[in-house]
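So the structure is just underneath, and the comments pick up after that.
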Amino acid sequence: MAKILIIDDSPTDVRVFTTLLEKAGFSVSSVDNAESGIDSIRASKPDLVIMDVIMPGMNGFQATRTLSRDPATSDVPVVMITTKSMETDRVWGLRQGAKAFITKPVNEKELLSTIASLLPNKH
């Protein structure tokens, strides 16, 4: 069972994503800020990370860049999920190391197919 870590400061979004992902057969954990997320990834090495962009403290772009540049975490795919819908935001997120960029509100099928494409042998 693939392990997914959600890094998002919105309890509502965390609940929605957790329910959706657990229903799809994933093991899900969450933290509410990027700093804790980075620590958690280093400690427990999830198979995939769902990263919000707009959070207090370190934002999702900064956290994704930190993860992608660290050899210990660079192989963990990051899917950014955000309300930021400008093409420049998507390009910037991918340049920071995200493997996918999805805008809210999230389409369930799009999210699950994106995860499946990033975790071909885990589901």
Side-chain angles (χ1 to χ4, degrees):
M1 177 183 300
K3 298 183 304 184
I4 296 178
L5 174 66
I6 300 169
I7 303 174
D8 196 322
D9 63 326
S10 164
T12 302
D13 286 345
V14 169
R15 190 168 48 250
V16 167
F17 295 143
T18 299
T19 301
L20 166 74
L21 295 168
E22 286 179 343
K23 190 175 78 177
F26 295 104
S27 170
V28 181
S29 58
S30 64
V31 294
D32 64 1
N33 66 76
E35 294 86 353
S36 295
I38 290 169
D39 291 343
S40 180
I41 292 162
R42 287 180 176 143
S44 68
K45 206 70 181 294
D47 297 299
L48 183 132
V49 173
I50 290 180
M51 177 83 71
D52 187 22
V53 171
I54 303 168
M55 295 181 280
M58 181 185 282
N59 69 40
F61 291 130
Q62 295 164 317
T64 299
R65 184 172 53 242
T66 298
L67 294 169
S68 68
R69 291 184 177 168
D70 182 341
T73 57
S74 63
D75 60 333
V76 178
V78 175
V79 176
M80 298 190 114
I81 297 184
T82 181
T83 55
K84 295 175 78 63
S85 59
M86 299 285 291
E87 179 63 12
T88 52
D89 294 318
R90 188 185 75 76
V91 169
W92 185 245
L94 297 174
R95 286 183 65 191
Q96 302 315 301
K99 299 297 182 213
F101 192 94
I102 299 174
T103 54
K104 294 177 185 176
V106 173
N107 174 299
E108 182 175 332
K109 285 191 173 112
E110 179 187 9
L111 177 58
L112 292 176
S113 69
T114 298
I115 291 170
S117 73
L118 293 170
L119 300 177
N121 303 320
K122 297 279 187 175
H123 193 67

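Quick note: residue numbers are just sequence positions, from 1. FYI, side chains are in, hydrogens and waters are out, and symmetry mates aren't considered; it's all heavy atoms of this structure.
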Under 3.5 Å, side chain of [X] to main-chain N/O of [Y], donor-acceptor pair present?
X: Lys104; Y: Asp13; answer: no
X: Ser68; Y: Arg65; answer: yes
X: Thr64; Y: Gly97; answer: no
X: Gln62; Y: Asn59; answer: yes
X: Glu108; Y: Leu20; answer: no
X: Lys45; Y: Val76; answer: no
X: Ser40; Y: Ser36; answer: no

Hydrophobic cluster membership, with links at side-chain heavy-atom distances under 4.5 Å among I/L/V/M/F/W/Y: are [X] and [Y] in one?
X: Met51; Y: Ile4; result: no
X: Val28; Y: Leu112; result: yes
X: Leu118; Y: Ile102; result: yes
X: Val78; Y: Val91; result: no
X: Val31; Y: Ile41; result: yes

Closest approach of [X] to [Y] (non-hydrogen atoms, all atoms of both residues):
X: Ile38; Y: Met58; answer: CD1-SD, 3.5 Å
X: Ile7; Y: Gly37; answer: CD1-CA, 3.6 Å
X: Met55; Y: Ala34; answer: CE-CB, 4.0 Å
X: Ala98; Y: Met80; answer: CB-CG, 3.6 Å
X: Ser30; Y: Val14; answer: OG-CG1, 3.5 Å
X: Thr66; Y: Thr73; answer: O-OG1, 4.4 Å

Next on the checklist: Can you confirm whether more than 12 heavy atoms, excluding those of Lys3, are under 6.0 Å from its NZ atom?
Outcome noted: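 Atom NZ in Lys3 is packed in, count exceeds 12.
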Next on the checklist: With a sphere of 6.0 Å drawn around CZ of Arg42, does it hold more than 12 non-hydrogen atoms of other residues, nucleotides or ligands?
Outcome noted: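 Yes.
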Next on the checklist: Checking Phe26 against Asp47 for the side chain to side chain contact (heavy atoms under 4.5 Å, CB included) test, could you report, in this order, the C-alpha distance in whole Å, the side-chain angles of both residues, the deciding distance, and whether it holds?
Outcome noted: CA-CA 10 Å; Phe26 295 104; Asp47 297 299; over 6 Å; no
Item to check | side chain to side chain contact (heavy atoms under 4.5 Å, CB included) assessment of Ile115 paired with Leu21 | outcome: CA-CA 10 Å; Ile115 291 170; Leu21 295 168; 3.4 Å; yes
Item to check | Spatial distance of atom CG (Asp52) from atom CD1 (Ile81) [nearest 0.5 Å] | outcome: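 Reported to 0.5 Å precision, the distance equals 8.5 Å.
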Next on the checklist: Once rounded to the nearest 0.5 Å, what's the spacing between atom CG of Asn33 and atom CG of Asp8?
Outcome noted: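 Going from the CG atom of Asn33 to the CG atom of Asp8 covers 11.0 Å.
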Next on the checklist: Determine whether Phe17 and Val106 satisfy the following criterion, side chain to side chain contact (heavy atoms under 4.5 Å, CB included), listing intermediate values before the conclusion.
Outcome noted: CA-CA 9 Å; Phe17 295 143; Val106 173; 3.8 Å; yes
Checklist entry - Any side-chain heavy atom of Pro46 sitting closer than 4.5 Å to one from Ser44? => result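 Pro46 reaches Ser44 side chain to side chain.
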Item to check | Chi angles and distances behind the side chain to side chain contact (heavy atoms under 4.5 Å, CB included) call for Ile50, Leu111 | outcome: CA-CA 10 Å; Ile50 290 180; Leu111 177 58; 4.3 Å; yes
Checklist entry - Parallel under 30°, tilted from 30 to 60°, perpendicular over 60°: which one fits the rings of Phe61 and Trp92? => result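 Answer is perpendicular, since the angle exceeds 60°.
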